[in-house]
Amino acid sequence: MLLYRSAMTTSENQWKNAVSSFQAPPSEGIAARAMAARQGGADYLARMNPEQREAVESLDGPVLVLAGAGTGKTRVLTTRIAHILATRRAFPSEILAVTFTNKAAREMKDRIGQLVGGAVEGMPWLGTFHSIGVRMLRKHAELVGLKSNFTILDTDDQIRLIKQLIQADGIDEKRWPARQFAGALDGWKNKGLRPADIPEGEARAYVNGRGRQLYADYQARLKVLNAVDFGDLLLEAVTLLKQNPDVLADYHRRFKFILVDEYQDTNVVQYMWLRLLAQGSHNICCVGDDDQSIYGWRGAEVDNILRYERDFPGAKVIRLERNYRSTSHILGAASHLIAHNEARLGKTLFTDLVPDEEEAKVQVASAWDSEEEARSIGDEIERFQRRGTNLNEIAILVRASFQMREFEDRFITSGVPYRVIGGPRFYERAEIRDALAYFRIVMQPGDDLAFERIVNTPRRGIGDTSVRTLHDYARREGVPLTEATRQLVATEEFKGKTRLALTDFLAQVDRWRDQLHAMKHTELGELILDESGYTAMWQNDRSAEAPGRLENLKELIRSMDEFESMEGFLEHISLVMDRDSGEEQEAVSIMTLHSAKGLEFDTVFLPGWEEGLFPHQRALDEGGRSGLEEERRLAYVGLTRAKRHCLIWFTSNRRIHGSWQSSIPSRFLDELPTAHVEIKESGSAYGSSFGRSNPYGQSRFDSVERFQSKYETPGWQRAQKAAQSAPRSSGGGFASPKQASYGRGAKLIEGELIAKSVVSGSAKFDKGDRVFHVKFGPGNVALVDGNKITVDFDKAGQKRVVDSFLEKA
DNA sequence: ACACCTTACCTTTTT
DNA sequence: GGTAAGGTGT
């Protein structure tokens, strides 16, 4: 903290310098100011369109900037800050600017730096909701019952803690999994509810009706541990401001301007926190896009943005609708799709770029199953690559992460470099968490969770029973585990090996703590990992991932170097979930639609547009209409990531939870405007060599077929089908490059696609029936369970399949 | 303490 | 169908 403050003052001076070279002080008269403005100041405004400019210049009172995808949202935000500084309305330290992710915060810092010139360390209040929450809490910790060096628990610690409380309460862990309660806890905290505030009904719905009690116990335990969880970073900050008017008044005086990024993602506590702070200057500017709200499931309230004008009376609403990213076809498709949502403020994106003949429409293609889908997309990507597209400009955006594997498999065999974005984060890996636990226990002897994590890692012969003994003692005496250990090894409680191991462990930790200020923190870090035997543990591990883990540990030490001290490092790591190390190698990106928000690519593939997967069945079941709308927003996010090419895929069959399901194309396909969409004939929909049944028989693309037959006679269709079922030349090649290349055989649909609800395969089957399956061939029915049929296939063995997929043979 | 077996899960994820 | 976590047995 001390470190932070000194950094602040020096850079405040930097800022003053930067600002004054930016624009002459007011006293020098209008002419001088105008001149200065022409040189530097006006520059940043001149490059904006009228709406952006209005968003930048409307400094007084609440403002909501509805910024559609690709309309220059970040640019407005950063320019607005530059403008505040240039017009000397506030010092950098008087601006509160919040984002959701560290990445966004970093980007904002960089871009402000570019605008104003120079590094932007001088904005101490630019950061994520959580990091700013921490900042406030550290400063006033004692007002909410904490010490300012409190620890921040991550989800893993949180769950272990809950588990302990559940056990201590003698509650059946199976019936009330800690994980589930952690979810409830998060939900409450996101809504700003403290134990006393949760609705009676909900309180009773958990842990044998003891939900409220457990929540309260958990909070009490956190206070004892001098710890907070992620939810508390905001909830406690709100509590702090609510209960201490003087503190709030202080912040009111400080923050002349408040800016909020991605407002559509804010939850209730974040909203409460912002409202409290905005009561000061009223100069709050929120930027967001209701159409890109895709985090409802983790507490985001679209309502926050929908209600803005009511919440902040007199708010000015500015719409940014001029899109600088995508072609008019992509924009047209996305806008038409999202127009099907009811709960939205309404915006229409447009581009000035005239649609060009060359410009590709959004393509829709189908595949037999996910394997073929991956293969076709892979082929397509290689074609793009041959035409000179940089692989970094290509992305595959999936709804669910299990879809990724098929692509990875395919890309590994075909040698297409790819990168998966999203997976487990660096800090979440076991070795990193272990290493951090070592550092934590050195820094904070009272960190029981850290103690437990590493007391027997690597194995020291301190098993569960010993830890339990320590635990009981610690609880009885009201001391941390470290202290309990210290006291108990002095007695006869532990014998022989265990006693020795504990004594040694304790001595080690003490020794490291003594070194804390005697050596550089990076060296100490290394020393700890070596002396504890932790490094050796992985060196001796012969498993495939061990070398990678050692590499990660090295990376961890390396990254410590960027921090002044161990404290600074731990603070950072507990809040920052960045996986860094951006390999710069050219590669296709594979990620979920969620993690694609905010990114853009020249070419975007959107596989898996099938009912049940996208929109996801669970979103429909649990979210109803609003669930569907959120899925639709996700589709909108996907489409609007594309700059020039957008290719949507669906398959006729997909294996879900082990059994094959025939799938129906997503309803979202019907919601695309035909004028901007092209149905791509991949050949594959016909192209199964098992093709006894026409996959189109189950698809709304029947209507397409009908349309096509105006041009192509039914006879042609039959011929086509016959040709496809004939043995194919290239090995497994259902879609030769010629066949599938753009513009060839592609059919334009002019009429609206009409959903054809297909109630397929209602035929009933009985045990013993001889059946035929499109994928597995002939077999006998072994068991009938509703529409799920277990069949003994002649070739493929026993499989459980859906009846719509079977024909009587 | 470790190896093996059974069972439950299976949407999205930042801080 | 595949995985991960938890439980049981040696």
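Given the structure is predicted, the values throughout are model-derived calculations rather than measurements.
Within a 6.0 Å radius of NZ in A/Lys223, other residues, nucleotides and ligands contribute more than 12 heavy atoms. Within 6.0 Å of the CZ atom in A/Arg179, the count of heavy atoms belonging to other residues, nucleotides or ligands does not exceed 12.
Remark: C1' of B/dT14 and CZ of A/Phe230 are 8 Å apart, rounded to the nearest angstrom. Distance A/Arg459 CZ to B/dA1 C1': 7 Å, rounded to the nearest Å. The distance between atom CG of A/Asp156 and atom P of C/dA5, rounded to the nearest whole Å, is 10 Å. Distance, A/Asp265 CG to B/dT15 P: 12 Å, rounded to whole Å. For A/Arg655 and C/dG1, the CZ to P distance is 6 Å, given to the nearest whole Å. The interatomic distance linking A/Gln661 (CD) with C/dG1 (P) rounds to 13 Å, in whole Å.
Aromatic pair A/His340/A/Phe668: centroids not less than 6.0 angstrom apart. Proximity of the aromatic rings of A/Trp188 and A/Tyr215 is defined here by a centroid distance below 6.0 angstrom, and this criterion is met. Aromatic ring centres of A/Trp297 and A/His616 lie farther apart than the 6.0 Å criterion allows. Here A/Phe129 and A/Trp273 bring their ring centres to under 6.0 angstrom of each other.
Across all strands shown, A/Gly231 has no heavy atoms under 4.0 Å from either base or sugar-phosphate atoms. A/Arg405 comes within contact range of the sugar-phosphate backbone alone, with a heavy-atom separation under 4.0 Å but no base atom that close.
Nucleotides of DNA chain B nearest to A/Phe129 and A/Arg460 differ in position, and the one nearer the 5' end is that of A/Arg460.
Proximity of A/Asn102 to the phosphate of B/dT14: no side-chain N or O atom is located under 4.0 Å from OP1 or OP2. Put simply, A/Asn456 has a side-chain N or O that comes within less than 4.0 Å of OP1 or OP2 on B/dA1. Applying the 4.0 Å criterion to OP1 and OP2 of C/dG6, one finds that A/Lys163 has a side-chain N or O inside that range.
Annotation: cation-pi pair A/Arg460/A/Phe505 absent, no NZ/CZ under 6.0 Å from the ring centroid and within 45° of its normal.
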Report, as a single string ordered 5' to 3', how protein heavy atoms within less than 4.0 Å touch nucleotides 5-13 of chain B: B base, S sugar-phosphate only, - not at all.
-----BBBB

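Pairing analysis of DNA chain B (Watson-Crick: purine N1 to pyrimidine N3 plus N6-O4 or O6-N4; G-U wobble: N1-O2 and O6-N3; both under 3.5 Å) yields stems of 3 or more pairs at B:1-10 with C:1-10.
Separation of the C1' atoms belonging to C/dG2 and B/dT13 is 22 Å when rounded to the nearest angstrom. Straight-line distance between the P atoms of C/dT3 and B/dT12: roughly 16 Å, to the nearest whole Å.
Under the rule for a side-chain hydrogen bond (donor to acceptor under 3.5 Å, both in side chains), the partners of A/Arg654 that lie at least two apart in sequence or sit in another chain are A/Glu373, A/Glu610.
In this structure, CG on A/Asp409 lies 12.5 Å from CZ on A/Arg375, to the nearest 0.5 angstrom.
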